[in-house]
Amino acid sequence: MTNIRVRFAPSPTGALHIGGVRTALYNYLLAKKMGGTFILRIEDTDQTRYVAGAEKYILDALQWCNISPDEGPGIGGAYGPYRQSERKDLYQKYAEKLLADGNAYYAFDTPEALDEKRAAMEAEKQVFRYDSSTRMEMVNSLTLSSEAVQKRLDSGEGYTIRLKVPREEQVQVHDLIRGTVTFQSNELDDKIMLKSDGMPTYHLANIVDDHLMEISHVIRGEEWLPSTAHHVLLYRYLGWENEMPKFAHLPLILKPSGKGKLSKRDGDKLGMPVFPIGWEAEKAEDSFRGFREYGFDPKAVLNFLAFLGWNPGTEQEIFSLEELAAAFSIDKIGKSGARFDYQKAQWFNQQYIIASEDQTLARSLRNDFGDQLAGVSDDFLASFCGLLKERVTFMTDFMEMGYYFFEPVKTYEEKPIRKKWKPEQRHNFDALTAALAAIDDFTAEHLETVIKNFIAAKELKFGEVFPMLRIALTGTMSGPDLFKMAALIGKATVLERLESGYNHFDQVKAAANS
Ligand code: GLU
């Protein structure tokens with residue numbers, strides 16, 4: 001193990017968005033590349049936004065993706081506990097240090113008083129912010145005498161502790177992706193560090209924990225970049241500036257249109273998954289399916305996510321998790337937003353299926369569709385997978401697209417029948433059936449020779465015969481290689497289906513003409 005320690009620090013406020021999974025993945029990849037440690041920390045200090053089941057969801061989602069943490073809640077590690085609510089008592093003393101050094105102050109303003117102030121400033125077309133320009137108009141330990149402050153504290157009156165952001169300073173954040181980003185301190189508000197319920201806010205807890213957990217790199221979404229200015233101040237005031245982690249703020253994930261940030265609601269709107277796995281809510285309308293339920297291979301999902309903001313700088317697109325870890329580096333992460341291209345996600349899934357061994361695919365189908373496949377041999381199933389794998393996007397497509405390998409044709413596409421079937425040619429088709437009945441060696445190659453010779457001898461056209469054979473055997477115009485398919489379903493089934501298919505075609509034409 002090196003001293004590379006990275007953390008994924010979600011708040012359990014609901015299901016983990018696919019962007020969160022990308023953040024987790026990039027952290028994981030850096031840890032694995034550097035022989036470091038990947039930590040999960042649950043940031044649950046905001047009790048009002050806590051959602052039961054969210055922590056379990058996060059762990060399940062990471063596990064499904066095969067990027068489980070090395071340290072975390074329920075996993076253990078030397079830096080626990082890993083849930084901030086269980087670390088509550090730890091933060092107080094850091095808030096007190098900030099107070100003692102004059103870098104924070106007590107604020108006694110009630111929510112009502114803050115609302116009033118906000119309204120008063122709005123009336124003057126100004127936006128209220130609790131900051132260096134307004135703090136001296138508020139009720140806090142900077143404006144009250146120390147006796148008055150003590151009296152309020154002794155009486156048990158509620159208070160918050162706010163960071164005293166300096167005036168007229170430039171705060172610089174060195175970001176591994178964006179370079180140096182400079183913030184004017186006058187633009188920064190006096191963020192609350194400790195809330196009236198005694199819980200720290202995200203900002204204080206996050207910095208204290210990153211320090212105590214010896215985090216070396218903070219890799220997180222771009223939306224946290226502005227807060228980083230406050231974080232740099234906190235590191236400075238707590239005396240940890242020299243050991244501050246390195247920051248890397250990841251580019252936004254954009255809607256498929258490229259316009260605006262991908263949101264949790266886009267999934268429903270666009271009929272595509274934006275969460276890793278499904279979420280069962282009490283109300284059906286709040287439940288949703290994830291990539292898992294849409295039929296994605298988690299390996300394909302990770303491969304897709306890795307490319308949302310990063311690229312290896314080569315043409316290679318298909319990467320195993322190990323290959324991703326080997327190729328990954330923060331300097332190849334881009335600054336500009338990455339478009340969530342669902343077609344590309346599907347393409348990745350397809351590539352993973354195509355690259356799989358036929359036997360592996362067969363085993364997976366047997367796992368999922370055991371009942372339907374009870375009488376089907378392993379060899380048959382593997383050949384079936386080999387024939388169809390170039391045509392499917394999801395594993396479930398195999399059974400939908402190729403059901404006719406296992407049961408009789410259910411429906412026939414009518415249009416090509418009406419267009420192409422000539423009842424007066426039926427005798428030729430029946431003669432071909434008789435020729436096929438005479439074949440002992442029912443292999444694809446032999447079938448192809450016999451059928452092509454027959455067509456030539458009768459001076460027919462391929463375009464008159466092949467589509468009709470295909471529809472009679474499968475019900476549809478699209479499908480895998482005709483001869484290989486026929487060889488696999490076997491002689492008896494082929495002969496039977498040709499007969500019943502042609503009978504159906506005759507009926508279709510008769511009905512159309514009557
Ligand atoms: N708790 C924050 C979140 O929910 C973590 C941000 C960070 O990684 O610092 O995203």
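When a ligand or atom number is given, it counts from 1 through the structure's own listing order.
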Would you please name every residue forming a ring-ring contact (aromatic ring centres under 6.0 Å, His included) with W224, sequence neighbours left out?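 Result, ring-ring contact (aromatic ring centres under 6.0 Å, His included) vs W224: Y202.
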Could you list the atoms of ligand 1 found under 4.0 angstrom from a heavy atom of N206?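 The list of qualifying atoms is 7 (C), 9 (O).
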With heavy atoms only and a cut-off of under 4.0 Å, state how F8 meets ligand 1: side chain, backbone, both or neither.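 Under 4.0 Å from ligand 1, F8 contributes no heavy atoms.
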Ring centre gap for F275 and Y57 strictly below 6.0 Å: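 No, they do not, as the ring centres are separated by 6.0 Å or more.
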At what distance is the nearest protein heavy atom to atom 1 (N) of ligand 1, and which residue and atom is it?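 Protein heavy atom with the smallest distance to atom 1 (N) of ligand 1: E43 OE1, 2.6 Å.
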Who's the nearest protein heavy-atom neighbour of atom 8 (O) of ligand 1, and how far?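 It is R7 NH1, 2.8 Å.
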Think R7 forms a cation-pi with Y79, using NZ or CZ under 6.0 Å from the six-ring centre and within 45 degrees of its axis?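 Verdict for Y79: no cation-pi partner in R7.
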Among A9, P10, S11, whose heavy atom sits nearest atom 5 (C) of ligand 1?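 Selected option, by shortest heavy-atom distance: A9.
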Would you mind listing every ring pair (Phe, Tyr, Trp, His ring centres under 6.0 Å) that reaches into residues 135-168, with sequence neighbours excluded?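 Matches after skipping sequence neighbours: Y106-Y159.
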For the pair E43 and R220, find out whether any cationic side-chain nitrogen is under 4.0 Å from an anionic carboxylate oxygen.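 So E43 does not pair with R220 through a salt bridge.
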